[in-house]
Amino acid sequence: MRILVTGGTGFIGSNTCVELMKNGHEVIIVDNLYNSKIDVLEKIENITGQMPRFYQTDILDHDGLESVFKIHSFDAVIHFAGYKAVGESVEKPLLYYRNNIAGSINLYEIMHKYQVKKLVFSSSATVYGDDFEVPFKEEYGLGTTTNPYGTTKKMNEMIISDMGYADPEISSVILRYFNPIGADETGLLGEHPNGIPNNLVPYIAQVVSGQRDYLRVWGDDYDTPDGTGVRDYIHVVDLARAHVKAIEYAAEHIGTEVINIGTGKGYSVLEVLHAYEKACGKEIPYKIMDRRPGDIAVCYADTKKAKELLGFEAEYDIDKMCQDSYRFTQNSI
Ligand code: NAD
Ligand code: UFG
C-alpha cells in the first residue's frame, strides 16, 4: 500500500515507518518538525536502505496538505501528528484543540475529497479516564478525560466514528496506546522530549545520563504492591508492528474498530527503575514525592481484541524496553 504517515518523523511515527517499509509498504511522511528532527529521515534510511518521501507540511495548512494528496494517490493514512504534553494542554487548551482537532478535521476533509477511506488513528488509554476497572476493555467506551489533551483524543474518536456512520465504506482502526517506551534496536529512533521530561522513562534516562540528579517518584501510597503507580509499558517497536497489522486489517474490512495496544501487564515505577538499573549497570537515585495530580493508581490493557482481530501480541519485555531506551540515550549523548 502507499500510505500517508502524518507525524512520521516523531517517536512512534518513525518506528512505524520502518516497520511499514520492512513489510513492503510505500511510506510518504508529512510532518511540520515541531517535535522531531529532519535527520530522522536518514536514520530511517540507515535502517531500511530506503529514504521515505517527506513533506515539511503542517496539517493545519489545508492547501499545503491538499497539495500532497494532489501529487500522490494514497491507499491509506496513519495519523500520528499532534501535540501530546498533558500539562501543557491544561495551560494552553486552545493550542491543543486547534492542532489536534482542527488539524485532524483538515486531514479527514481532504481524505474525503480524495476518496481515501482507510485510516489508523493514534488514540490513548487516557480516554478511559478514572471511570473503569482494570484491565481496560474497549467495550467500556469513553470515560471522563481529565485534561484537554485526553479530550482531543476522545473527540477524534467520536469524529472518526461519526464519519464511519456517514460513509459505510470507510474503514478506521483507532488504536488506544498504553505507555510506549524504548527505541528501535539500533538505538537510532527513540524519544527526545523537549525540556524537563514529563514521562517516566525519558526522565530516568536523563538521570542516568547525568542531566538530572534523581528520579522523583510521584507517590508510594497507592493501593499497589509497592505503593507506586502501575502502568502497561509497551516497546515502541511492538507498537509500530501493531500499526502494520492495523492498516492491513483496515485494507480488508470496513467499519470502525477501537483496539487497545498494550502488553496486558503492569509494572510499578520502582519495577521500571530497577529494570533500568539492570540495563545500565548502575544504581539510579530517587526520592519519593507527593502524588502527581491527575494520576491514577493502575492502568493496563485487556489485549484480547488486539489478538483476536489483528493477531497482535507484544513480544518484548520490560528488560528489553529499558535496554533499548538506554542504547538510544547512549547514542544521543
Ligand atoms: P511525537 O511528538 O514524537 O510525534 C508527533 C509528530 O507530529 C512530531 O514529529 C511533530 O513534529 C508532528 N506534528 C505535531 N503537530 C503537527 C502538525 N500540526 N502538522 C504536522 N506535524 C505535526 O509524539 P509520539 O509519541 O510519536 O506520538 C504520536 C501520536 O501518538 C500522537 O498523536 C500522540 O498523542 C499519540 N500517543 C502518544 C503516546 C505516548 O506516550 N508517546 C501515548 C498515546 C498516544
Ligand atoms: N512517574 C514518576 N516520576 C516521573 C514521571 C512519572 O513517578 O518523573 C510515574 C507516574 O506517576 C506514573 C508512571 O510513572 O505512575 C507513568 O507516568 P508517565 O508520565 O510516564 O505516563 P502516564 O501513564 O501518566 O501517561 C502516559 C502519557 C499520556 C497517555 C497515557 C496513557 O503521558 O499521554 O500514558 O496512554 F495518555
Side-chain angles (χ1 to χ4, degrees), residues 5-16 29-38 40 55-61 64-65 78-87 89 95-96 98-100 102-104 106-107 121-129 136 145-147 149-150 152-153 156 175-181 189-194 196-204 206-207 212 214-220 222 224 228-234 236 239-240 243 260-262 266-270 272-273 286-289 291-299 301:
V5 181
T6 74
T9 43
F11 171 47
I12 306 169
S14 59
N15 278 287
T16 300
I29 297 175
V30 161
D31 200 300
N32 64 356
L33 302 180
Y34 172 85
N35 196 33
S36 54
K37 298 204 172 67
I38 190 81
V40 163
Y55 295 89
Q56 185 172 349
T57 304
D58 195 311
I59 60 166
L60 286 171
D61 170 8
L65 186 58
I78 305 184
H79 179 30
F80 293 103
Y83 296 157
K84 61 168 183 176
V86 172
S89 80
L95 187 76
Y96 273 68
R98 173 156 298 281
N99 200 46
N100 294 7
S104 297
N106 274 343
L107 173 68
F121 175 70
S122 303
S123 190
S124 164
T126 195
V127 301
Y128 289 111
F136 292 145
T145 46
T146 54
N147 56 75
Y149 164 73
T152 69
K153 292 297 174 193
N156 260 283
L175 298 180
R176 290 184 180 157
Y177 313 157
F178 282 67
N179 290 54
I181 60 168
L189 300 174
E191 197 174 6
H192 269 305
N194 288 329
I196 303 171
N198 187 49
N199 295 119
L200 178 63
V201 170
Y203 201 101
I204 292 179
Q206 291 199 356
V207 175
R212 315 260 160 222
Y214 54 87
L215 173 71
R216 298 165 302 174
V217 175
W218 302 126
D220 69 348
Y222 286 105
T224 61
T228 66
V230 167
R231 296 290 181 276
D232 184 341
Y233 297 93
I234 177 162
V236 69
L239 179 58
H243 287 79
N260 288 337
I261 303 293
Y267 289 95
S268 74
V269 175
L270 293 179
V272 175
L273 179 100
Y286 67 90
K287 284 189 189 167
I288 304 292
M289 317 292 283
R291 291 181 180 195
R292 182 170 69 175
D295 272 353
I296 58 175
V298 182
C299 169

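Just so you know, ligand 1 is whichever comes first in the structure, and atom 1 is the first atom listed for that ligand.
The protein non-hydrogen atom at the shortest distance from atom 1 (N) of ligand 2 is Trp218 CD1, 3.4 Å. Shortest contact from atom 34 (O) of ligand 1 to any protein heavy atom: Tyr149 OH, 2.7 Å. Asn198 O, 3.3 Å is the protein heavy atom nearest to atom 5 (C) of ligand 2. Closest protein heavy atom to atom 3 (O) of ligand 1: Phe11 N, 2.9 Å. From the protein, the heavy atom lying nearest to atom 23 (O) of ligand 2 is Arg231 NE, 2.7 Å. In terms of protein heavy-atom proximity, atom 18 (P) of ligand 2 is closest to Asn199 ND2, 3.4 Å. Nearest non-hydrogen protein atom to atom 11 (O) of ligand 1 is Asp31 OD1, 2.7 Å. Shortest contact from atom 10 (C) of ligand 2 to any protein heavy atom: Asp295 OD2, 3.5 Å. The nearest protein atom to atom 24 (P) of ligand 1, hydrogens excluded, is given as Lys84 NZ, 3.7 Å; this is a heavy-atom distance. Here the heavy atom of the protein found nearest to atom 4 (O) of ligand 1 is Gly10 CA, 3.5 Å. Here the protein heavy atom with the shortest distance to atom 24 (O) of ligand 2 is Arg292 NH2, 3.0 Å. Looking only at heavy atoms of the protein, atom 2 (O) of ligand 1 is closest to Asn35 ND2, 2.7 Å. Counting protein heavy atoms only, atom 26 (O) of ligand 1 is closest to Ile12 N, 2.8 Å. Looking from atom 9 (C) of ligand 2 to the surrounding protein, the closest heavy atom is Val269 CG2, 3.6 Å. Looking from atom 17 (C) of ligand 1 to the surrounding protein, the closest heavy atom is Asn32 ND2, 3.3 Å.
Taking distance alone, with nitrogen or oxygen atoms compared against 3.5 Å, Val30 stays at or beyond that limit from ligand 1. Annotation: Lys84 places no N or O atom under 3.5 Å from an N or O atom of ligand 2; distance criterion only. Considering backbone and side-chain atoms alike, Tyr177 places every N or O at 3.5 Å or more from each N or O of ligand 1. For Lys153, a nitrogen or oxygen atom sits less than 3.5 Å from a nitrogen or oxygen atom of ligand 1, counting backbone and side chain alike. The shortest N or O to N or O distance between Asn99 and ligand 1 is below 3.5 Å. Considering backbone and side-chain N/O atoms, Ser123 never comes within less than 3.5 Å of an N/O atom of ligand 1. Looking at ligand 1, you'll find an N or O of Tyr34 within less than 3.5 Å of one of its N or O atoms. Polar contact with ligand 2: absent for Thr126 (N/O pair, distance under 3.5 Å). Between Phe178 and ligand 1, not a single N/O pair is under 3.5 Å apart. In terms of polar-atom proximity, Phe80 is counted as a contact of ligand 1, with an N or O under 3.5 Å from an N or O of the ligand.
Within the 4.5 Å cutoff, the side chain of Val230 has heavy atoms near those of the Ser268 side chain. Between Ser104 and Asn156 the shortest side-chain heavy-atom distance falls below 4.5 Å. The closest side-chain heavy-atom distance from Asp295 to Tyr222 is below 4.5 Å. Thr9 places none of its side-chain heavy atoms less than 4.5 Å from the side chain of Ile38. Between Ile196 and Arg212 the shortest side-chain heavy-atom distance falls below 4.5 Å. Within the 4.5 Å cutoff, side-chain heavy atoms of Lys84 are placed close to those of Asn35. Residues Val236 and Phe11 meet the side-chain proximity criterion, which asks for heavy atoms closer than 4.5 Å. Put simply, the side chain of Thr16 does not reach to within 4.5 Å of the side chain of Val5, judged on heavy atoms.
Within the structure, the closest approach of Asn199 to ligand 1 does not fall below 4.0 Å when heavy atoms are considered. Contact annotation: Tyr149 has at least one heavy atom less than 4.0 Å from an atom of ligand 2. Distances from ligand 2 to the non-hydrogen atoms of Tyr214 include no value under 4.0 Å. Under a 4.0 angstrom heavy-atom cut-off, Pro180 registers as being in contact with ligand 1.
Residue contact check: Arg216 has heavy atoms under 4.0 Å from atoms 2 (C), 3 (N), 4 (C), 7 (O), 8 (O) of ligand 2. Atoms of ligand 2 found under 4.0 Å from any heavy atom of Ala125, numbered from 1 in the order shown, are 31 (C), 35 (O). Proximity to Asn179 (heavy-atom distance under 4.0 Å) selects the following atoms of ligand 2: 21 (O), 22 (P), 23 (O), 26 (C), 34 (O). The distance from ligand 2 to the heavy atoms of Val217 drops below 4.0 Å at these ligand atoms: 7 (O). Counting atoms of ligand 2 from 1 in the listed order, those under 4.0 Å from a heavy atom of Phe178 are 35 (O). Counting atoms of ligand 1 from 1 in the listed order, those under 4.0 Å from a heavy atom of Thr57 are 19 (N), 20 (C). Listed by atom number, the atoms of ligand 2 under 4.0 Å from Leu215 heavy atoms are 3 (N), 8 (O). Applying the 4.0 Å criterion to heavy atoms of Tyr177 picks out, from ligand 2, the atoms 35 (O). Near Leu33, the atoms of ligand 1 lying under 4.0 angstrom from a non-hydrogen atom of the residue are 11 (O). Near Ser36, meaning under 4.0 Å from one of its heavy atoms, ligand 1 places the atoms 8 (C), 9 (O), 11 (O). Shown in contact with Ser124 at under 4.0 Å from a heavy atom are these atoms of ligand 2, numbered in order with element: 29 (C), 31 (C), 35 (O), 36 (F). Residue contact check: Gly7 has heavy atoms under 4.0 Å from atoms 6 (C), 7 (O) of ligand 1.
Expressed to the nearest 0.5 Å, how far CG of Asp31 lies from OG of Ser36 amounts to 3.5 Å. Rounded to the nearest 0.5 angstrom, Asp220 CG and Ile288 CD1 are separated by 4.5 Å. In this structure, the separation between CZ on Arg231 and CD1 on Ile296 is 5.5 Å, given to the nearest 0.5 Å. Distance check: Ile204 CD1 to Tyr286 OH gives 11.5 Å after rounding to the nearest 0.5 Å. Atoms CZ and OG1, on Phe121 and Thr6 in that order, are 9.0 Å from each other to the nearest 0.5 Å. For the atom pair CG (Asn99) and CD1 (Ile59), the distance works out to 5.5 Å, reported to the nearest 0.5 Å.
Between Tyr128 and Phe136, the distance from one ring center to the other falls under 6.0 angstrom.
Heavy atoms of Leu200 found under 4.0 angstrom from ligand 2 belong to the backbone as well as the side chain. Residue contacts with ligand 1 for Thr6 are absent, since no atom lies close enough (heavy atoms, distance under 4.0 Å). Counting heavy atoms closer than 4.0 Å to ligand 2, residue Tyr233 contributes side-chain atoms (C-beta onward) but none from N, CA, C or O.
Between the side chain of Thr145 and the main chain of Gly150, no donor-acceptor pair closer than 3.5 Å is present. Looking at Asn106, its side chain does come within 3.5 Å of a backbone N or O of Leu60 through a donor-acceptor pair.
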